[in-house]
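Accompanying notes for the structure given below.
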Amino acid sequence: MSSQQYRSTRSTQPETFSFEETVITGLASDGGLFLPSVIPQVSLETLKEWSNLSFQDLAHEIMKLYISNDEIPESDLKDLIQASYSTFRSTEITPLVPLIESKNLYLLELFHGPTFAFKDVALQFVGNLFEYFLKRKNSKLDENSKERHKITVVGATSGDTGSAAIYGLRGKKDVSVFILYPTNRISSIQELQMTSVLDANVHCLSVLGTFDDCQDIVKTLFRDKEFNDKYHIGAINSINWARILAQITYYFYSFFKLNKNLDINKKIKYVVPSGNFGDVLAGYFAKKMGLPIEKLVIATNENDILDRFMKTGKYQKESVGVKSTLSPAMDILISSNFERLLWYLIKDNLTNNNDLEAGKVLNDWMVSLKENNLIEAPSEVLKAALKDFDSERVSNEETLETIKEIYQVAEKYILDPHTSVGVTSSLRHIQKDEQNNEQKYYISLSTAHPAKFADAVNEALEENKGYNFDNDVLPEELKSLGKEGRRVTFVDDNSVSEVKKVIIEKLAEENKI
Ligand SMILES: *Cc1c(COP(=O)(O)O)cnc(C)c1O
């Protein structure tokens, strides 16, 4: 039984926070990200015991180590996990499928949740956590009491996060959700996925402007103390610790599928299409807990700050701005979760394993990033990072090439462009390892269903005779989207005050129902 607490990456004090605080607030008040006070260690014995568990039971064993029993009793946690994965279309939740068996290349399919993207694995769970904490706070209050604690979740999306958040929170009592997206700048399927959800607590705001405009509005709302105090703004963006936690499970689960006997001679690399560094960070936690992963390969698109760091030790924000690529969910300038890895690297390599000193050094680094757009890590830090990580950068051209190639060589398997960035990186590693006469195994994470990114997939495959998007790619569930109606509010004045006005109006309408 654990009594896990959390601390902020930027804190120089011994203060700790509960799991509930980390989930509800998302970000620490000093601007840092929450981390567990200790990373729980799992012995080989325990790994053996876990190797036959279902996804849900495994998630329970892992999460128990990060959430104190006196915060969420184990049986409640079990129910939360069951509910969260009951919406998935695969009984295995995240199945591991062979892609090219002769090369030991496997795909970990993470897109079997309600919105067909890997973010569901975390956001279904986070939605249930929000509901659970609110229910408990409101348990003594009447249904219509004015005293009830409520949360207004506000987020900006360039596509995947918005729909996954909406499906995680739809219909939840005492939670309202507002998702801002740039008008005409997300794919039509992504827009349909959001606007076809008709629950009264879900509000899509189509904002005339860019994704950055949407994000700026959201950031301003978070800093608006008066608004926040009144409407209790909640965040579910990728820095929320509960999202990382939920993603740890599939590293263990897929490892056991490929290496049931825990044969230590079987070297397994995980290849992870990366943007904000949340997905691959979950793999880092799995490794640090004791799962014998050989290497975590960070696969980036042309927005390659992570790849450049792994090659030079310089974490440098590009001045030209973010590039639009075929894998838009990875189009970032800075990876927000990278701060978490930096904290561990500092603590283990530049301090004498001291949390408070690590917070101090990290603060200096974050100031440098803010002022000079640059962090320069000393060589011992880079060396330590390269023990766990490797990295690749993949161009748009290569992304399309690999979708084509895999369609040819892997029985018409169709990759989405994000997954293709990962598979391209996997193929490079396979070639390198073969040249060195090393036999290894590769688990490439598949982060989205190809139907969500029709343009890229069609561009890659339309030359193939007989290929047809509607027949070969589009799942039934997505064909009927929107048939029962759509709801969206257009905001043509992209100002903070206008968005505030809309939020207040919609909340008032909801309270009348
Ligand atoms: C969000 C997302 C990613 C990137 O994951 P991070 O945790 O931000 O690194 C990759 N692929 C898809 C399809 C995504 O939606």
Side-chain angles (χ1 to χ4, degrees), residues 33 94 107-123 126 155-168 181 186-187 189-190 193-194 211 215 236-248 250-251 270-286 296-307 309-310 322 325-341 389 391-394 399 403 414-425 444-457:
L33 310 191
T94 61
L107 266 193
L108 176 53
E109 292 183 343
L110 302 175
F111 55 72
H112 295 285
T115 76
F116 293 80
F118 97 98
K119 292 188 169 67
D120 288 326
V121 180
L123 283 168
V126 174
T157 188
S158 55
D160 276 359
T161 308
S163 55
I166 286 171
Y167 275 77
Y181 66 86
I186 64 173
S187 86
I189 281 204
Q190 288 176 323
Q193 279 186 307
M194 293 194 279
F211 170 65
Q215 198 159 34
I236 42 158
N237 45 20
S238 78
I239 50 158
N240 199 305
W241 165 253
R243 287 183 60 175
I244 311 288
L245 174 60
Q247 290 165 185
I248 296 175
Y250 50 72
Y251 285 90
Y270 280 78
V271 185
V272 189
S274 295
N276 261 325
F277 202 72
D279 202 357
V280 71
L281 184 74
Y284 177 77
F285 275 94
L296 295 157
V297 181
I298 303 164
T300 76
N301 63 24
E302 295 172 14
N303 296 289
D304 59 355
I305 183 166
L306 293 167
D307 182 55
F309 175 83
M310 291 296 159
V322 71
T325 73
L326 297 174
S327 43
M330 290 150 52
D331 288 350
I332 45 89
L333 273 184
I334 288 186
S335 304
S336 37
N337 278 298
F338 195 60
E339 178 168 340
R340 287 189 161 112
L341 174 65
F389 295 97
S391 74
E392 298 293 335
R393 171 195 196 270
V394 174
T399 305
I403 297 176
I414 299 174
L415 300 174
D416 107 282
H418 304 79
T419 307
S420 178
V421 168
V423 171
T424 307
S425 307
S444 221
L445 273 57
S446 175
T447 51
H449 189 284
K452 297 196 80 170
F453 300 95
D455 291 349
V457 172

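Remember, it's a predicted structure, so these values are computed and weren't measured experimentally. All ligand and atom numbering here is 1-based and tracks the order in the structure.
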Pick out the protein N or O atoms lying less than 3.5 Å from any N or O of ligand 1, and list each pair with its distance.
from     : atom 1 : to   : atom 2 : distance (Å)
ligand 1 : 7 (O)  : G278 : N      : 3.1
ligand 1 : 7 (O)  : D279 : N      : 2.9
ligand 1 : 8 (O)  : N276 : N      : 2.7
ligand 1 : 9 (O)  : G275 : N      : 2.8
ligand 1 : 9 (O)  : N276 : N      : 3.3
ligand 1 : 9 (O)  : F277 : N      : 3.0
ligand 1 : 11 (N) : T447 : OG1    : 2.9
ligand 1 : 15 (O) : K119 : NZ     : 2.5
ligand 1 : 15 (O) : D160 : OD2    : 2.7

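Side-chain N/O atoms of D331 and N303 include a donor and acceptor closer than 3.5 Å. No side-chain donor-acceptor contact under 3.5 Å links T300 and D307.
Residues passing the side-chain contact (heavy atoms from CB on, under 4.5 Å) test with D279 are L110, F118, Q247, Y250, Y251, V272, L445, T447, sequence neighbours excluded. Applying the side-chain contact (heavy atoms from CB on, under 4.5 Å) criterion to A156, with sequence neighbours excluded, gives F211, C214, Q215, V218.
The CE atom of M194 sits 5.5 Å away from atom CD1 of I166, with the distance rounded to the nearest 0.5 Å.
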Only pairs under 3.5 Å count here: list side-chain donor-acceptor contacts from residues 450-457, not counting sequence neighbours, and write none if there are none.
from : atom 1 : to   : atom 2 : distance (Å)
K452 : NZ     : T115 : O      : 3.0
K452 : NZ     : D160 : OD1    : 3.0
K452 : NZ     : Q193 : OE1    : 3.3

